[in-house]
Structure formats: structure tokens, C-alpha cells
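Structure record follows, encoded as C-alpha cells.
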Amino acid sequence: MNIERNCAFTGHRPALFKFKYDESHEDCINIKRRLYREIERVFFDEGVKVFISGGALGVDMWAMEAVLEFRKKEPSVRLVAAIPFRGQEEKWSTSQKERYRNLIAQCDKAAYFSEFYYSGCYHERDRKMVENAGRLIAVYDGRPDGGTAYTVEYARKLGRRITVIDPNNAEEIF
């Protein structure tokens, strides 16, 4: 497998954004547009063909939707769901579960890292995504704690190419 042609995503859950779950908010729309532009850019400029998402609420799902939209123009694109455990969506609302399951059904592959939740399963999933991708696209506000910070730091440690989208202005911060 050529990891240089793979790109993983990481980003905050909706509760951490100022717009929360309001996807009609201008800031959310801008994040989604920026995700799409980055997918398009790494596809054409870097030859990325495989996109890996953890399938969680927020950025993970928005990235999956953007990849699927881009795939309509470029059918060679592949989408992989890297899911920390079976049933990660069980505590979500009915509409969130339906959206998630619809996205998973459209993936080229869904990899489950565990049959059940355990402490550390999200970090294990994040490490595996970074280890299997030469590039990371992160929607990240720079806070030093949490899963997104962990994933960005791990990608830096492994020398991965990283694009950071600032959720407060949807621009690169480094």
C-alpha cells in the first residue's frame, strides 16, 4: 500500500464549535467548503486517491460527505471508514444514526478496530489512520487537548504532511 496516496481526516465534534449542531451556520458551511477544496487539491496536486475518516459526528462525517460529493466527478476516489468500535453511533439521535449508516454504506471499506468500546479505542483508531496515510487534513482550533490535538501531534511525530483548517475562519493556520 502506498500511504502517500492516502489522506486521513481529524477534527472536532460539533459541540466544540460556536455554531454547535447548526450546519446551516455560515462557519459550518465554510468548513465544509474548505474540506471539499482540500480534497480536490490533494487529489490533483498530490495524487491522493484514498480518504480515511473515523465516521464520528462533525468533521469526520462532513469530510465523508465531501469525499462522496467529489467522487461524483472523480470515480477513482476511495473512501474508507476507520471505526473505533461497532456501535459507535448507538447513543446518537435517530437522524444522526441514519446519516452515519448511509455514509458507511457508501464507503469502499469499513474497518472496525474493536467489537466493543474500551478506554483508548479512539486514540488507537486515530493512530492507525495516521499510520496509513501520508497526509492529514485537520479541522483544528489549536487547543492543546482532545482527540484532534492528539491526532495532529501524532501526525507531526511521524512526519506526515498536515493541512490545518481553522474552524473560526476556515483558513490554514500552519
- Of all pairs that satisfy salt bridge (Lys or Arg N to Asp or Glu O under 4.0 Å), the ones with a partner from residues 52-70, not counting sequence neighbours: Glu65-Arg99, Glu69-Lys72
- Task: For residues Ser76 and Phe43, determine if any side-chain heavy atom of one lies less than 4.5 Å from a side-chain heavy atom of the other.
- Result: yes
- Within 45° of the ring axis of Phe113 and under 6.0 Å from its six-membered ring centre, is that where the NZ or CZ of Arg125 lies? no
- Flag side-chain contact, heavy atom, 4.5 Å: Phe70 against Tyr36: yes
- Is there a donor-acceptor pair under 3.5 Å between the side chain of Arg5 and the backbone N or O of Gly47? yes
- Message: So if I apply the side chain to side chain contact (heavy atoms under 4.5 Å, CB included) rule between Phe19 and each of Cys28, Ser24, Pro14, which one comes out positive?
- Response: Cys28
- Message: Any carboxylate oxygen within less than 4.0 angstrom of a Lys/Arg side-chain nitrogen, looking at Lys49 and Glu74?
- Response: no
- Looking only at atom types and distance, does a side-chain atom of Asn102 sit under 3.5 Å from a main-chain N or O of Glu98, one as donor and one as acceptor? no
- Main-chain N/O of Glu90 paired with Lys97 side-chain donor or acceptor, under 3.5 Å: yes
- Does the Arg160 side chain pair with the main chain of Leu158, one donor and one acceptor, at a distance under 3.5 Å? yes
- Give, for atom CZ of Phe9 and atom CG of Leu35, the distance between the pair rounded to the nearest 0.5 Å. 6.5 Å
- Message: Determine whether a donor-acceptor pair (N or O, by modelled atom type, separation under 3.5 Å) exists between the side chain of His12 and the backbone of Asp141.
- Response: yes
- Message: Using the ring centroid of each side chain, check whether Trp62 and Tyr21 are separated by less than 6.0 Å.
- Response: no
- Message: Using only atom types and a distance under 3.5 Å, with no angle test, would you say the side chain of Ser93 pairs donor to acceptor with the backbone of Gln96?
- Response: yes
- Task: Give a yes or no on this: more than 12 heavy atoms of other residues, nucleotides or ligands lie within 6.0 Å of atom NZ of Lys20.
- Result: yes
- Item | Electrostatic pair Glu153:Arg156 at N-O distance under 4.0 angstrom | yes
- Sub-6.0 Å ring centroid separation between Phe116 and Phe85: no
- Other than Val80, what residues sit in its cluster of Ile, Leu, Val, Met, Phe, Trp and Tyr side chains whose heavy atoms are under 4.5 Å apart, directly or through others? Val50, Ile52, Met129
- Item | Under-4.0 Å salt bridge between Arg37 and Glu40 | no
- Cationic N near anionic O, under 4.0 Å, Arg71 to Asp108: yes
- Query: Atom OH in Tyr140, atom OG1 in Thr163: separation rounded to 0.5 Å?
  - Reply: 15.0 Å
- Item | Exam field: side chain Asn6 to backbone Asn132, donor-acceptor pair closer than 3.5 Å | yes
- Query: So, Arg161 and Glu46, do they make that salt bridge, N to O below 4.0 Å?
  - Reply: yes
- Query: Within the side chain of Glu89, is there an N or O that forms a donor-acceptor pair under 3.5 Å with the backbone of Gly55?
  - Reply: no
- If you round to the nearest 0.5 Å, how far is CZ of Arg135 from CZ of Phe51? 9.5 Å
- Rounded to the nearest 0.5 Å, how far apart are OG1 of Thr148 and CZ of Arg143? 8.5 Å
- Query: Looking just at side-chain N and O atoms, do Glu131 and Tyr154 make a donor-acceptor pair shorter than 3.5 Å?
  - Reply: yes
- Going by distance alone, is a donor N or O of one side chain under 3.5 Å from an acceptor N or O of the other, for Arg86 and Ser114? no
- Item | Spacing of CD1 belonging to Ile165 relative to NZ belonging to Lys32, to within rounding of 0.5 Å | 13.5 Å
- Looking at OH of Tyr150 and CG of Asp145, how far apart are the two atoms once the value is rounded to the nearest 0.5 Å? 14.5 Å
